[in-house]
Amino acid sequence: MMVLSLFLLLLLSLQSHVTAREITFPPVAGISQHPVVAHAGDEPFDIGMSSAFYGLTTYANLPYVHCLSPKDEGVEKYDIAILGAPFDTAVTARPGARFGPGGIRRGSRRISPEFSWDIITGENVFLDWAKIVDCGDAPLTWLDNTVALKQLDTAHETISSRPGNSSEYSIPRIITLGGDHTTTLSALRSTYKKWGQVSVIHFDSHLDTWDPKVLGGGISHYAGVNHGTFLHIAHEEGLIRNTSIHAGIRAPMARPRGDLRNDARCGFEIVTARDIDHIGVSGIVEKLKKRVANSLVYISVDIDVLDPGSAPGTGTAEVGGWTTRELLTILDSLLGLEVIGADVVEVAPIYDNAGETTVLAAAEVVRSLIGLMVGQPVTST
Ligand SMILES: *[C@@H]1O[C@H](CO)[C@@H](O)[C@H](O)[C@H]1NC(C)=O
Ligand SMILES: *[C@@H]1O[C@H](CO)[C@@H](O)[C@H](O)[C@H]1NC(C)=O
Ligand SMILES: [Mn+2]
């Protein structure tokens, strides 16, 4: 009898514990506006952060939208679209960036839109006026680079041809998660169709304006289209303005004068990695802003602009680069530029470390790029 009543008492206390913490799940993965709510007695409270590990992995737990659907009906509207470009068959050093989009999303898992008020600016880029979604990855073949780039051209065009959610944008902006740097060529082809020529701010340790004759093209035309020549090709195709600029350059050249002559011909000025030691972050920001003043801007961030200590997970690492903090301050200081497209490329998680240093950095760079897009005064469509 004694044992039985003890048992009943235990059962009763367990039961009351369960009813005191009734948990409801958000109706969709991607938590914006759908926090996980628990009830302690009569008081509901928002568990909030716990939902960062809920459902499938999208960038910063943003909602997934099937932006590449061939139909318009049923596709949710958006203002800023995250698009993965899993492509790495046009690299000159180590491959692996086809896993970059997945890596960057994994690096962003902890970010939850509700818990993203910036301690410096007081803003929350996710809960501003723009509707931001993750479109998943574009389907790209790994067997034929020409076909893969055409697939990516089509993906960019499809996504930017849908109407914006807000009246601020009639053309949605895309932030591409690379993928090797060749993928930027597709993005620039698509921005050219929508906006005409844009100025490029190109964060990289390498010039990437190599003449295909110098880098790969001696083999075949096909081989000449690669992650070290795409800016040369973008210039030849008339996609970019001659007011473009590199930032963070330090890698060796193939020819002492020819490479630089060709780089200037392609419309670029150069800020080297070591300039930061002489003119500081603010001097660099000033140069970048001055160069692209009064034009639409595309920002391309090759993660190898960072020092390998800050981003080991990349194919063509070069020592002597910037720290993550320096890059983020430079990016955030570009607020006010009219950024119509952006990317973070060359993230190769297989060379990353157990602490996921590179993908965490890349995820934060994406957040800065979103900040530039939502924070700017919009003067064009
Ligand atoms: C998207 O558009 C709808 C309808 O205009 C609006 O109610 C909603 O607030 C917008 N979403 C965001 C996140 O701006
Ligand atoms: C860009 O090209 C225009 C016209 O082709 C020229 O007038 C201008 O000086 C060039 N700007 C730079 C920075 O090279
Ligand atoms: Mn590059």
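Note that ligands are numbered from 1 as they come in the structure, with each ligand's atoms numbered from 1 the same way.
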**Asked** What do you reckon, is CG of D277 surrounded by more than 12 foreign heavy atoms closer than 6.0 Å?
**Response**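 Yes, enclosed.
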**Asked** Which pairs, with at least one residue in residues 239-272 and sequence neighbours excluded, count as a ring pair (Phe, Tyr, Trp, His ring centres under 6.0 Å)?
**Response**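 Output for this query lists H202-H246, H246-F268.
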**Request:** Verify the distance criterion only: is there a donor paired with an acceptor across the side chains of D134 and T58 at less than 3.5 Å?
**Result:**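 No, because no side-chain N or O of D134 sits under 3.5 Å from a partner of the opposite role on T58.
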**Request:** Would you please say whether a donor-acceptor pair under 3.5 Å links the side chains of S368 and D332?
**Result:**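 Side chains of S368 and D332: pair found under 3.5 Å.
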**Request:** Quick one: which residue pairs count as a disulfide bond (SG atoms under 2.5 Å apart) with a foot in residues 81-194, not counting sequence neighbours?
**Result:**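 The answer is C67-C135.
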**Request:** Report the distance from atom OH of Y298 to atom OG1 of T184, rounding to the nearest 0.5 Å.
**Result:**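 Answer for the OH-OG1 pair, Y298 versus T184, is 5.0 Å.
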**Message:** I want to check a possible cation-pi pair here: R162 against Y78, using under 6.0 Å from ring centre and within 45° of the ring axis as the test.
**Reply:**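 No, cation not above the ring by the 6.0 Å, 45° rule.
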**R105 and its side chain to side chain contact (heavy atoms under 4.5 Å, CB included) partner, picked from N61, D137, L62** =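 Result: among N61, D137, L62, D137 is the only option passing the side chain to side chain contact (heavy atoms under 4.5 Å, CB included) with R105.
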**Asked** Can you tell which of L207, D263, V214 makes a side chain to side chain contact (heavy atoms under 4.5 Å, CB included) with M253?
**Response**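 By the side chain to side chain contact (heavy atoms under 4.5 Å, CB included) criterion, M253 pairs with just one of L207, D263, V214: L207.
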**Asked** Under 2.8 Å from the Mn ion (ligand 3), which protein N/O/S atoms are there?
**Response**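 Protein N/O/S atoms under 2.8 Å of the Mn ion (ligand 3): H181 ND1, D204 OD2, D208 OD2, D302 OD2.
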At less than 3.5 Å, what protein N or O atoms come close to the N or O atoms of ligand 2? Include the distances to 0.1 Å.
{"from": "ligand 2", "atom 1": "2 (O)", "to": "N242", "atom 2": "ND2", "distance (Å)": "2.2"}
{"from": "ligand 2", "atom 1": "11 (N)", "to": "N242", "atom 2": "ND2", "distance (Å)": "3.0"}
{"from": "ligand 2", "atom 1": "14 (O)", "to": "N242", "atom 2": "ND2", "distance (Å)": "3.4"}

**Request:** Flag the pair W117 / F126 as yes when their ring centroid distance falls below 6.0 Å, and as no otherwise.
**Result:**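 So the answer is no for these two rings.
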**Asked** Under 4.0 Å from any heavy atom of W129, which atoms of ligand 1 are there?
**Response**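 With W129 as reference, the close atoms of ligand 1 come out as 14 (O).
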**Request:** May I ask you to check if ligand 1 and N165 share an N or O to N or O distance below 3.5 Å?
**Result:**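 Yes - when backbone and side-chain N and O of N165 are compared with those of ligand 1, one distance drops under 3.5 Å.
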